[in-house]
Amino acid sequence: MLNNDKLWYRDAVFYELHVKGYYDSTNDGTGDFRGLSMKLDYLKDLGIDAIWLLPFYKSPLRDDGYDISDYYSIQPEYGTLDDFKNFIERAHSLGIRVIADLVLNHVSDQHEWFQESKSSRNSKKRNWFIWTDDPTRFSEARIIFVDSERSNWAYEPVTQQYYFHRFYSHQADLNYDNPEVREEIKNVVRFWLNIGLDGFRADAVPFLFKREGTNCENLPETHNFFKELRKMIDEEFPGTILLAEANEWPTETKKYFGNGDEFHMAFNFPLMPRIFVSLAKRDSFPIIDIIEQTKDIPENCDWCIFLRNHDELTLEMVTDEERDIMYKEYVKIPKMKLNIGIRRRLAPLLDNDRSTIELVNALIFSLPGTPIIYYGDEIGMGDNIYLGDRNGVRTPMQWSYDRNAGFSYADAEQLYSPVITNPNFSYESVNVEGESRISSSLLNWMKKIISVRKDYRELLGRGEVQFLNQRNKRVLVYIRKYHDQRMLCIFNLSRRHTYVELDLSEYKGLKPVEAFTKSYFPRIGDLPYFFTLHPRSFFWLNLTVPSFDDSMDFDGDE
Ligand code: BGC
């Protein structure tokens, strides 16, 4: 059963997945909703509270479903509407919420709205899209897919005009100045929330409205539309949420929270690359700086913090210097680059270094915000940069060392994508079944960190953050605080052994208890508190009031 806390998203753990890549129950080579339902127990056991489903609507799949041709039906290979309903019901019965992608900036050129619009300049739907004779309009709007598109306008020969598209040319942008479009998108939202979804991850939110003389991003009209949408869902579907995909500079990204009356959540795009920059520079400053800039958001809002997702690790909104650092540290061969970013999964990006993988997860599980895991990253799945576009990070989930990684019993050639066979990451060794049997596996470690986070649900979900000044910039130190609870978090970002001396006098008399093993540390006194740290290691220390004579003890529960 679902908890009925209105702020449930503030202390949840999210998980992003694509139904096509999760589990194939029909053996046709593509995952489906029945298969996904069969794997809900796994997600429950992992400790997941909410799933974000990548687009599953009808689509020619030229941008993996972000090119919708019918908002009201499901891509046939993924199952039926009933399968979807059963999946939602089963997820809810296990206490798991489900949000889905809402692709509202554009539709596929195969969508009947666009087909009708392009059929004649007088078509009823002409004004649902943005047409012009002059493709120099909106010239300040940047091109996103720079590796494949040269312009945001595409020529359409039947009516001899150009239409606007921010992404691929087969994804025509809807005209949000047209009230009919806005109404129809609200109907789409109503349709799926009525079926039982718990909210949406809204795709490409900054781009809805376009105005000459601007870069056509983050315009007040766009914010107003989302405020309207929010009002509608608050009134008609209380408890459901909107999560913004706005890959912008911190001040602009923050604005999507409005005054607590726009988005409930937004991905912390500014933080994500800075985590990797901090590691590359062995310097805590990029993280501290960005958290300071993204603090102070309305009480009923939260960041969603991620390390990797289904796209390239985008580097559009970082400085030139930061981008250079990222390419130098993480791009081993040019093929790893895509558009303005890096197409890699977490484990290969970090050279499969277990300590670093744990460290970055410990960061996103303890910095302010709600963590989200990209499917497969909990077992350390690899990628295949030779698959083109972003497909290399979207390969089938690796369940076991059986045929096709236990994902499907179709012929290997029939799979929507080959499984990962590179010996370093092959499904024969990196898979759920195998890792479940080894207590020291990444999967078991991920389960542990999720459960520890839940031990401190409110403190880590809702507490404020305060960075501690100290001299070793290789070490990041902060305290999370919530009422009388305190968690001291220490991270060695470098590849060397190091130490840190902390002035904890404010917490004199308290006793640090290590959050994973419940080991006791000496009571905080007047002297600086001293920690030695292994390369890429971290501590989470709960600062407790000692309740008995603790002069001799070393361990809590063994
Ligand atoms: C999605 C991409 C998609 C694009 C166009 C993005 O923000 O995450 O996967 O290609 O929107 O819809």
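In each ligand, atom 1 is the first atom listed, and ligand 1 is the first ligand listed. Predicted, not measured: the structure shown is a model, and the values here were computed from it.
Residue, atom and distance of the protein heavy atom nearest to atom 6 (C) of ligand 1 are Asp203 OD1, 3.1 Å. Here the protein heavy atom with the shortest distance to atom 8 (O) of ligand 1 is Asp311 OD2, 2.5 Å. Of all protein heavy atoms, the one closest to atom 3 (C) of ligand 1 is Asp63 OD2, 3.4 Å.
Close contacts of ligand 1 with His106, meaning ligand atoms under 4.0 Å from a residue heavy atom, involve 5 (C), 12 (O). In summary, the atoms of ligand 1 found under 4.0 Å from a heavy atom of Glu245, numbered by their order in the structure, are 6 (C), 7 (O), 8 (O). Those atoms of ligand 1 with a heavy atom of Arg390 less than 4.0 angstrom away are 2 (C), 3 (C), 9 (O), 10 (O).
Contact between Arg166 and ligand 1 is absent, with no heavy atom of the residue lying under 4.0 Å from the ligand.
Taking CZ from Phe425 and CG from Asn384, the interatomic distance works out to 12.0 Å, rounded to the nearest 0.5 Å.
Counting heavy atoms under 4.0 Å from ligand 1, residue Arg394 touches it through the side chain alone. Residue contacts with ligand 1 for Phe145 involve side-chain atoms from C-beta outward but no N, CA, C or O (heavy atoms, distance under 4.0 Å). Residue contacts with ligand 1 for Arg201 involve side-chain atoms from C-beta outward but no N, CA, C or O (heavy atoms, distance under 4.0 Å).
Looking at heavy atoms from C-beta onward, Val360 lies in side-chain contact with Ile275 at the 4.5 angstrom threshold. Using a 4.5 Å heavy-atom cutoff, the side chains of Asp83 and Asp32 are not in contact.
Of the possible donor and acceptor atoms, none in the side chain of Asp177 sits under 3.5 Å from a partner among the backbone N and O of Asn175.
We find that Arg323 and Glu316 are not joined by a salt bridge, their nearest charged nitrogen and carboxylate oxygen being 4.0 Å or further apart.
Partners of Asp377 under the salt bridge (Lys or Arg N to Asp or Glu O under 4.0 Å) rule, at least two apart in sequence or in another chain, are Arg345.
Using bins of under 30°, 30° to 60° and over 60° for the plane-to-plane angle, the ring pair Phe263/Phe226 lands in the tilted bin.
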